[in-house]
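Naming: A, B, ... by sequence-line order, numbering from 1 per chain. Just so you know, these numbers use all the heavy atoms, side chains as well, and skip hydrogens, waters and symmetry mates.
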Number of protein chains: 2
Amino acid sequence: MVANGEQSSTLHALIRRFRDALAPDAVITDPQQLRTYECDGLANHRVVPAVVVLPEDAEQVRSVVRACAEYGIPFVARGSGTGLSGGALPHADGVLVVTSRMRRILEVDIANERAVVEPGVINLDVTRAATPYGYYFAPDPSSQQVCSVGGNVAENSGGAHCLKYGFTANHILAMEVVTPDGELVELGGRAPDAPGYDLLGAFIGSEGTLGVATRITVRLLRSPESVRTLLAGFPSTDEAGAAVSAIIADGVTPAAIEMMDALSIEAAEQAVHCGYPEGAGAVLVVELDGPAAEVDHTFAEVQRHCGEHGAFEVRVAADEAERALIWKGRKSAFAAVGRISRDYIVQDGVIPRTALPEVLARISALSAESGVRVANVFHAGDGNLHPLVLFDGDHPGAAERAEEVSGAILDLCLEHGGSITGEHGVGADKVRYMGRMFTSDDLDTMQRVRCSFDPENRCNPGKVFPTPRLCGEAPGPRRGVHPLTEAGLADQF
Amino acid sequence: MVANGEQSSTLHALIRRFRDALAPDAVITDPQQLRTYECDGLANHRVVPAVVVLPEDAEQVRSVVRACAEYGIPFVARGSGTGLSGGALPHADGVLVVTSRMRRILEVDIANERAVVEPGVINLDVTRAATPYGYYFAPDPSSQQVCSVGGNVAENSGGAHCLKYGFTANHILAMEVVTPDGELVELGGRAPDAPGYDLLGAFIGSEGTLGVATRITVRLLRSPESVRTLLAGFPSTDEAGAAVSAIIADGVTPAAIEMMDALSIEAAEQAVHCGYPEGAGAVLVVELDGPAAEVDHTFAEVQRHCGEHGAFEVRVAADEAERALIWKGRKSAFAAVGRISRDYIVQDGVIPRTALPEVLARISALSAESGVRVANVFHAGDGNLHPLVLFDGDHPGAAERAEEVSGAILDLCLEHGGSITGEHGVGADKVRYMGRMFTSDDLDTMQRVRCSFDPENRCNPGKVFPTPRLCGEAPGPRRGVHPLTEAGLADQF
């Protein structure tokens with residue numbers, strides 16, 4: 001396959017620009033190497049990018065983004081590639097900007113309780129750098145050992161502890177960002193409540209559609225004096241859900257309150273032998289943290305609520321090892337489902353906490369009607385569901401039925417005033433659901449912001465929003481996007 | 001004075017549109033009545049609006065905003081008019097949209113810990129509605145008995161307790177907004193971390209430049225089980241500042257930690273006889289709240305830190321009456337300064353908390369050099385300073401010198417990585433300082449968002465941003481803004 005002349009020459013010029021600006025091994029054009037980047041954690045969407053670049057600092061990111069602007073080429077930023085919605089899915093004719101060489105922790109400022117990091121820094125490394133001072137970085141997605149802070153910012157990542165501590169957005173104080181036209185701007189600042197628009201908030205969770213963060217100032221929290229964890233076994237999710245409601249209604253905000261149903265318990269047991277209570281229709285993992293005086297007091301309350309709402313066994317972690325064992329079952333749940341089903345979809349939806357019992361009953365009914373098994377694992381405190389929809393890809397039509405059930409669960413979430421995604425993002429995966437959640441006026445309003453930053457739709461195009469309608473009205477001449485094919489690259493370089 | 005023909009006819013048509021859409025007494029054109037609205041809390045800026053409208057619901061707001069769009073007329077939204085930066089200063093040729101008839105509390109949903117209110121609802125009324133259920137609305141600006149929730153949203157208002165609980169932005173879950181072209185859109189939602197851009201965050205604190213909120217969903221917090229308050233007298237602000245640092249460094253987050261210096265203590269004493277410790281060079285008011293078990297424990301720590309850092313008297317409120325007396329001195333401080341100075345400027349700046357001792361020393365030096373007295377009252381925990389710059393307007397040049405010192409204090413804040421406003425906003429007052437805090441690229445980035453919502457610059461024009469540079473490049477034909485003069489109105493209606 002040979003690319004046409006225009007493609008080749010555009011591509012040639014762009015790559016030359018990259019090679020001038022970056023280290024010799026930081027511009028990847030070899031098809032085999034490019035294939036490494038064809039997907040993120042959503043493995044059923046795959047696209048090989050035209051070029052991959054590995055910039056080392058903000059100036060290099062700027063050079064790349066400016067060259068893309070000049071030649072009208074789309075680009076996608078990628079951190080560790082652990083996202084579950086295809087937010088870092090490459091563009092076939094575009095550049096993938098990978099931040100894995102931007103891993104410096106630039107400052108740990110304990111007096112002001114913050115750290116300044118590059119976007120490729122691994123989430124858990126921030127906590128490691130702060131631990132000697134008695135501090136930590138709160139957002140804790142399950143992938144925290146490998147995911148990047150830049151990726152957390154793009155997806156506004158959550159985690160088991162965001163019930164009490166909030167999402168990534170609650171822990172970012174400022175950012176330096178390269179906009180799609182290559183400007184370097186500061187969002188947020190060291191002082192609280194900066195004047196002007198809070199574009200920091202709009203940028204966090206924008207899934208890479210407004211630019212590339214090159215420096216991130218994160219909030220550090222003091223490590224809690226005391227952490228206490230319990231595991232409670234219930235006859236069914238009804239009783240467990242009632243216990244959650246009672247705990248929250250009592251004014252307790254646990255650091256985490258997680259629920260697993262019988263099917264997900266079975267999977268975790270098979271995978272990691274976590275020894276969860278036998279015969280449980282549901283378990284709750286409840287963790288409290290804070291000053292010892294407070295934790296001891298409220299922990300007793302939580303035990304009482306579990307007992308009063310039908311827990312037949314409440315196991316309290318006596319030490320860190322027992323705590324780790326309790327969490328092991330919960331944290332392995334997604335992967336463990338592979339033990340009981342060849343294939344499965346990890347869904348991510350949100351409902352108001354008070355709608356839990358009804359929505360769980362409806363999911364159960366959906367499962368019974370369709371014959372598709374659904375395992376439920378979720379952050380019960382804030383109503384963030386992670387139903388795992390099981391199927392066997394070898395059975396004709398099974399994948400489609402699973403997809404239908406998975407979509408119907410999102411409709412259930414919307415019907416109850418919830419959301420189509422809690423913490424995994426829209427990415428490439430859920431673009432088709434955005435029109436169900438938002439009116440076209442709502443979407444147009446977001447689109448105005450996108451178009452004001454990226455009128456040519458070159459910054460992570462095709463993600464988050466359905467096909468833009470407003471950018472055609474955007475100012476300035478619309479430059480053509482030159483398709484760069486993989487074949488063209490292979491031929492030329 | 002007679003307006004020219006075009007002005008008269010535009011005006012005539014616009015007012016007719018308003019009278020068709022609103023209640024008969026909801027369109028004000030009488031010059032005497034219009035004068036009531038000529039300023040907000042920043043009384044040295046005064047502009048009489050061309051028309052005032054008092055809509056009763058979102059549809060009426062929409063009618064007004066659409067008519068303004070059609071005739072190319074600017075408009076300004078106003079809540080209770082208590083703002084201190086002139087954010088609700090009218091436009092002489094424009095419409096003032098006053099929300100005082102939109103005061104319904106539409107829903108108090110305790111199970112989901114939220115309430116839905118109209119924008120004109122008084123801040124304290126939200127707490128009053130939630131109190132019977134053991135809940136309250138956290139943002140507590142000093143004006144909370146009269147200021148509106150819509151105004152709190154526009155200015156992202158703070159208050160003494162935002163050290164622990166955050167600004168208004170942390171307590172708004174969703175909003176219905178009329179955009180400058182009259183669309184009705186939903187921002188945010190009932191579920192956490194909604195997909196798409198977080199425009200809720202960008203809207204909060206945008207000082208009325210992106211549209212008019214017509215319905216606001218606020219977060220309700222459970223009233224704390226225990227509240228404990230102390231007043232500590234120190235020889236000077238140095239010792240008081242060291243005590244603040246020690247408390248925070250110990251991992252304590254007080255609900256509030258306020259400092260007043262000798263001059264502001266003197267003023268408060270004269271005004272309300274609050275009985276603060278005699279001879280104090282500084283006092284701290286420290287309040288803790290939360291579960292009794294935690295508060296009792298940490299309150300003892302706070303007392304110890306005060307003692308160790310030179311407090312010569314620590315007074316603990318034994319009951320609600322004593323607590324009220326402690327707060328009375330602090331809350332009256334701004335007004336009380338009128339007892340010791342004919343005129344004064346209430347400044348509002350922010351510095352990182354760790355820079356407190358140096359900045360206070362520099363303010364003191366500035367005061368000594370210029371001969372201008374400065375009283376300091378501030379939220380010490382988060383570095384939000386409220387220096388009161390005293391002068392006598394009868395002395396020639398005194399106002400100018402005070403203005404210079406006041407501006408120099410903002411420069412000090414910026415020099416230390418802080419901000420030109422903590423909680424009072426930019427409004428009309430601090431537009432001239434924005435270029436000192438932000439680069440032109442930073443301002444252009446915000447301007448892009450403004451222009452994407454309001455390309456004709458009709459929505460609270462002249463506030464927050466220096467003269468726009470980008471809107472000229474915005475899409476679509478630029479309609480002319482027809483000046484409506486007050487005289488024109490008086491002649492015609």
Item to check | Gap between atom CD1 of A:Ile172 and atom CG of A:Asn152 - 0.5 Å precision | outcome: 7.5 Å
Next on the checklist: If you compare all heavy atoms of B:Gly425 against all heavy atoms of B:Asp348, which two are closest, and at what distance to 0.1 Å?
Outcome noted: N-OD2, 4.1 Å
Checklist entry - Is there a side-chain contact between A:Val252 and A:Leu288 (heavy atoms, below 4.5 Å)? => result yes
Item to check | Choice from A:Thr439, A:Val464, A:Thr354 maximising heavy atom contacts with chain B below 4.5 Å | outcome: A:Thr354
Checklist entry - Contact part of A:Pro195 toward chain B, heavy-atom cut-off under 4.5 Å: side chain, backbone, both or neither? => result both
Next on the checklist: Which heavy atom of A:Arg450 sits nearest to which heavy atom of A:Cys459, and what is that distance?
Outcome noted: NH2-O, 3.3 Å
Item to check | Pairing of B:Lys430 and B:Glu207 as salt bridge, 4.0 angstrom limit | outcome: no
Item to check | Contact class of A:Ala249 relative to chain B, heavy atoms under 4.5 angstrom | outcome: backbone
Checklist entry - chain B: which of A:Asn384, A:Ile248, A:Asp250 shares the most heavy-atom pairs with it under 4.5 Å? => result A:Asp250
Item to check | A:Phe453, part contacting chain B, at a heavy-atom distance under 4.5 Å | outcome: both
Checklist entry - If you tally heavy-atom pairs under 4.5 Å against chain A, which of B:Thr209, B:Val426, B:Thr179 wins? => result B:Thr209
Next on the checklist: Between B:Pro254 and B:Ile247, is there a side-chain heavy-atom distance shorter than 4.5 Å?
Outcome noted: yes
Item to check | Contact check, side chains of B:Glu186 and B:Glu176, non-hydrogen atoms, under 4.5 Å | outcome: yes
Item to check | Choice from B:Val295, B:Ile204, B:Asp181 maximising heavy atom contacts with chain A below 4.5 Å | outcome: B:Asp181
Item to check | When A:Leu210, A:Thr253, A:Leu187 are compared by non-hydrogen pairs under 4.5 Å with chain B, the top option | outcome: A:Leu210
Item to check | Residue, of A:Ser452, A:Ser206, A:Gly201, A:Gly290, that accumulates the most heavy atom pairs under 4.5 Å with chain B | outcome: A:Ser452
